[in-house]
Amino acid sequence: MPILGLKAPGPSTPAHFSLEPLIRPNILALQPYRCARDDYSAGVLLDANENAIGPALPSASAKKVKVNGHSDSNGTSGASASAEDIALETLSLLPPGTDLNRYPSPTHDELKRRIAHLRGVPDENWVFLGVGSDEVIDMLFRVLCVPGKDRVLTTPPTYGMYKVTANVNDVGVLEVPLIAEGGKFQLDEDAMDEAFTANPDLKIVFICSPGNPTGTVIPLPAIRRVLENPKFKGVVLVDEAYIDFAPSNSSAAQLINEYANVCVTQTLSKSFGLAAIRLGYLLAPPPLIQILTNTKAPYNISVPTASIAASAVSDAGMAVMAEAVSTLNANRDYLLETLPTIPSIGDILGGNDANFVLVQVLDGPKGKVCNNRAVQVYKTMAETRGVVVRYRGGEIGCEGCLRITVGTRTECEEVIKQLKDLLA
Ligand SMILES: Cc1ncc(COP(=O)(O)O)c(C=O)c1O
């Protein structure tokens, strides 16, 4: 059965791959969504049961003042801001005349075009937008995996949501750990090859690059070898949530024009500093994008999210992002230089290609890696020192490890100070 609504074919390489047989039959049969406004979108709009009076926002009239530039806003945001302040600030970011009482575009083609241009795929037919990359990951499970039957492969230590989402969708997970020796965290290609031989029906292989919690980029030649392995008939998902912190040219997005069996998730939650708006996306050849488009909830991306995202991926927004990445990467260098000077801090593991570092806690100066002490440090820092990091010692190859997000320079200095103090 053909993919309904498909406008452009994708690459035909590799020869052993065919998407249609991988898609759940009920999903393959879905008609592309037609929204209320596909036929008529101008005039007196009484077709979609919206509220013609307007949004129930005390600040809606204030919005006009702000948008016209007469506001004396103090720019309040974060934990201390009231709901009213947050609403006002969000409204001020929207284009004047935005009708919040109307449903958003189901496609957001202009935003997709900008992302396509930015990430080097041909056009909007190669981009799918999700409520964070978490929604994209869930959607992939839903279109590809039959609950209670299918399985996917992950390469731990890795992002925990792959397993959570597999469990939610009643999908089995086969784990082939990364080669962790020496904190390298690279694909164990031989073990993956064996897994493909023993499990010819695997639907998705998850490759996190740079990895979380490893911070390590997986080189493109290794990803190519998985894509070209004829024993694996499924789809490779490369999760690039942290790609902008990595050396340039590390992104697997460049493989999408070439291979039909690869897709890449990215997000505005990290380098763009927009975790609150929940915007992630999948870059993939048009057939997979069309399947996801046919399946998604019609209006999954809100108007405020799409407007803010469009501003972030504009040329000016990209410049702001690049500046932030350069500051954070400099702060990462500060952590990498300073952490080893603290007694009882062991090796820094992984590639440090993301906005965090993974560091071992020892049981004493020049001692052994120690999970108990790492937990103790983690808890004491959070409960008595006001510094929250993440304990990762339970992950394969991460014994005794804390994962420390790179913050502002002041925050980095604070975590170093507290670690020095606690481990003294
Ligand atoms: C590897 C990885 N992928 C995806 C996500 C989720 O990103 P989003 O905020 O786009 O849902 C995270 C969040 O921490 C992550 O670490």
Side-chain angles (χ1 to χ4, degrees), residues 108 111-112 115 118-119 127-142 152-166 168 173 175 178 185 187 204-218 223 236-246 250-253 263-284 292 296-297 300-302 304-306 308-309 312-313 321 324-325 328 332 349-358 388-392 395-398 401-407:
H108 295 292
L111 174 58
K112 286 195 230 170
I115 292 172
L118 182 71
R119 299 307 194 185
V127 181
F128 176 80
L129 304 177
V131 181
S133 29
D134 282 344
E135 190 195 37
V136 177
I137 292 165
D138 182 58
M139 291 287 298
L140 282 171
F141 274 104
R142 287 168 54 201
V152 300
L153 185 148
T154 65
T155 56
T158 195
Y159 181 46
M161 281 304 284
Y162 309 143
K163 198 183 258 181
V164 171
T165 314
V168 168
V173 178
E175 296 186 334
L178 297 171
F185 295 120
L187 296 180
I204 312 173
V205 166
F206 289 89
I207 296 177
C208 195
S209 176
N212 174 6
T214 67
T216 304
V217 162
I218 304 296
I223 297 175
V236 173
L237 171 69
V238 187
D239 182 339
E240 294 190 341
Y242 301 97
I243 196 66
D244 294 318
F245 300 100
S250 309
S251 173
C263 57
V264 171
T265 47
Q266 296 179 349
T267 179
L268 299 202
S269 299
K270 312 292 178 181
S271 55
F272 287 90
L274 285 168
I277 70 167
R278 308 303 298 127
L279 199 281
Y281 52 91
L282 186 80
L283 307 171
L292 293 166
K296 80 181 181 77
N300 62 331
I301 306 301
S302 74
T305 291
I308 295 169
V313 299
M321 182 272 268
V325 165
L328 290 169
R332 183 177 69 194
L349 302 188
N352 304 306
D353 297 318
N355 66 338
F356 52 81
V357 296
L358 186 66
V388 185
V389 298
R390 192 96 196 259
Y391 169 70
R392 295 282 82 187
E395 306 289 314
I396 294 173
C398 303
C401 279
L402 299 178
R403 192 194 66 198
I404 305 174
T405 303
V406 177

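One-based numbering, in listed order, for ligands and for the atoms of each.
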Please report the C-alpha distance between Glu135 and Arg278 in whole Å, then the side-chain angles of each, then the deciding distance to 0.1 Å, and finally whether the salt bridge (Lys or Arg N to Asp or Glu O under 4.0 Å) criterion is met. CA-CA 9 Å; Glu135 190 195 37; Arg278 308 303 298 127; over 6 Å; no
Min over Tyr242, Tyr162, Phe206, Tyr281 of heavy-atom distance to atom 16 (O) of ligand 1 lands on Tyr242
Original post:
Can you check ring pair (Phe, Tyr, Trp, His ring centres under 6.0 Å) on Tyr242 and Phe356, steps first, answer last?
Top reply: CA-CA 10 Å; Tyr242 301 97; Phe356 52 81; 5.1 Å; yes
closest protein heavy atom to atom 11 (O) of ligand 1 is Arg278 NH2, 2.8 Å
Min over Cys208, Pro213, Gly280, Ser269 of heavy-atom distance to atom 1 (C) of ligand 1 lands on Cys208
d(Phe245 CZ, Glu240 CD) to nearest 0.5 Å is 13.5 Å
Taking distance alone, with no angle check, do Asn212 and ligand 1 share an N/O pair under 3.5 Å?
yes
| field | Polar side chain donor-acceptor pair, Thr158 to Thr155, under 3.5 angstrom | value | no
Under 4.0 Å between heavy atoms, the region of Glu135 that gets near ligand 1 turns out to be neither
The protein heavy atom nearest to atom 13 (C) of ligand 1 is Lys270 NZ, 3.2 Å
**Prompt:** Under 3.5 Å, side chain of Ser133 to main-chain N/O of Val136, donor-acceptor pair present?
**Reply:** no
Within less than 4.0 angstrom of ligand 1, does Ala275 place any heavy atom?
no
Let me see the working for Arg119 and Asp244 under salt bridge (Lys or Arg N to Asp or Glu O under 4.0 Å), right down to the final yes or no. CA-CA 11 Å; Arg119 299 307 194 185; Asp244 294 318; 3.0 Å; yes
Checking heavy atoms under 4.0 Å, the part of Ser133 that sits near ligand 1 is both
heavy-atom search around atom 3 (N) of ligand 1 in the protein gives Asp239 OD2, 2.6 Å
Honestly, for Met161 the part within reach of ligand 1 (heavy atoms, under 4.0 Å) is neither
Q. Strictly under 6.0 Å, is that where the ring centroids of Phe141 and Phe206 end up?
A. yes
re atom 4 (C) of ligand 1, the protein heavy-atom contact at minimum distance is Tyr159 CE2, 3.3 Å
Item to complete: Answer yes or no: is there a donor N or O on one side and an acceptor on the other, between the side chain of Asn300 and the main chain of Leu129, under 3.5 Å?
Response: yes
